[in-house]
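Just so you know, residue 1 is the first one in the sequence shown, and it goes up from there.
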Amino acid sequence: MTSPPRLKTDIMARAILRQSGLDGSSAMLLRKGDPDAGGILVVLAARNGSGVVLSQTRTPEGAPAWLRATGNTPVDAEQIQKFIERQVKFDPDLWVLEIESDSFSPSFEAILL
C-alpha cells in the first residue's frame with residue numbers, strides 16, 4: 001500500500017498557522033526546522049501557561065495524524081519546554097508551533113490518535 005504524497009514541512013507549518021489563526025487565536029512559529037522534511041510539534045497552549053504538545057504521526061493507513069505527546073492531561077510551561085528540548089536533541093530539523101487553545105483541541109484540521 002502506497003502512502004499519500006507528503007507536503008514539504010514549511011508549507012504544512014504555514015498552513016497550520018494560517019488555519020489556526022482564522023478564529024482570532026494566537027498562532028506562532030517558535031522554531032523553524034528543515035523546510036523540506038523536518039517534523040512538527042504543535043503546542044496547544046492555554047492563557048495560564050499550561051498546554052499539550054502534539055506530535056506528528058501517521059494512521060495505519062498512512063494518513064497524517066497527531067498524538068498528544070505529553071499525555072492527555074495539560075502540563076505546565078516548564079514541562080513543555082523540557083519536552084521540546086529533548087525532542088530537538090533527537091531531531092534538530094524539528095519545527096515547533098504554538099497555538100492558543102484553552103480547550104487543548106487543535107484549531108486546524110487534525111486526526112488525533
Verdict with supporting geometry, Phe108 and Leu97, side-chain contact (heavy atoms from CB on, under 4.5 Å): CA-CA 12 Å; Phe108 57 95; Leu97 313 178; over 6 Å; no

As a quick check of understanding, evaluate side-chain contact (heavy atoms from CB on, under 4.5 Å) for Asn72 and Phe104, giving each step before the final call. CA-CA 9 Å; Asn72 289 327; Phe104 306 110; over 6 Å; no

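The salt bridge (charged side-chain N to carboxylate O under 4.0 Å, His left out) test applied to Lys32 returns no partner, not counting sequence neighbours. With sequence neighbours excluded, no residue forms a side-chain hydrogen bond (donor to acceptor under 3.5 Å, both in side chains) with Thr9.
Linking ILVMFWY side-chain heavy atoms closer than 4.5 Å, directly or via other members, places Leu17 and Val52 in a single hydrophobic cluster. By the criterion of side-chain heavy atoms lying less than 4.5 angstrom apart, applied directly or through intervening Ile, Leu, Val, Met, Phe, Trp or Tyr residues, Ile40 is not grouped with Val88; the two fall into different hydrophobic clusters. Cluster annotation: Val42 and Leu112 are assigned to the same hydrophobic cluster (Ile/Leu/Val/Met/Phe/Trp/Tyr, side-chain heavy-atom contacts under 4.5 Å, transitive). Hydrophobic cluster membership differs between Val43 and Met12, with clusters built from Ile, Leu, Val, Met, Phe, Trp and Tyr side chains linked at under 4.5 angstrom. Under the 4.5 Å side-chain heavy-atom criterion for ILVMFWY residues, no single connected hydrophobic cluster contains both Ile99 and Phe83.
Around atom CG of Asn48, more than 12 heavy atoms belonging to other residues, nucleotides or ligands sit under 6.0 Å away. Applying the 6.0 Å contact sphere to CD of Glu78 captures no more than 12 heavy atoms from other residues, nucleotides or ligands. Crowding of Arg31 atom CZ: a count of heavy atoms from other residues, nucleotides or ligands under 6.0 Å exceeding 12.
Taking Ile, Leu, Val, Met, Phe, Trp and Tyr as hydrophobic and joining them when side-chain heavy atoms fall under 4.5 Å apart, one finds Ile111 in a cluster with Leu67, Leu113.
Counting heavy atoms from C-beta outward, Gln87 and Leu41 have side chains that approach closer than 4.5 Å.
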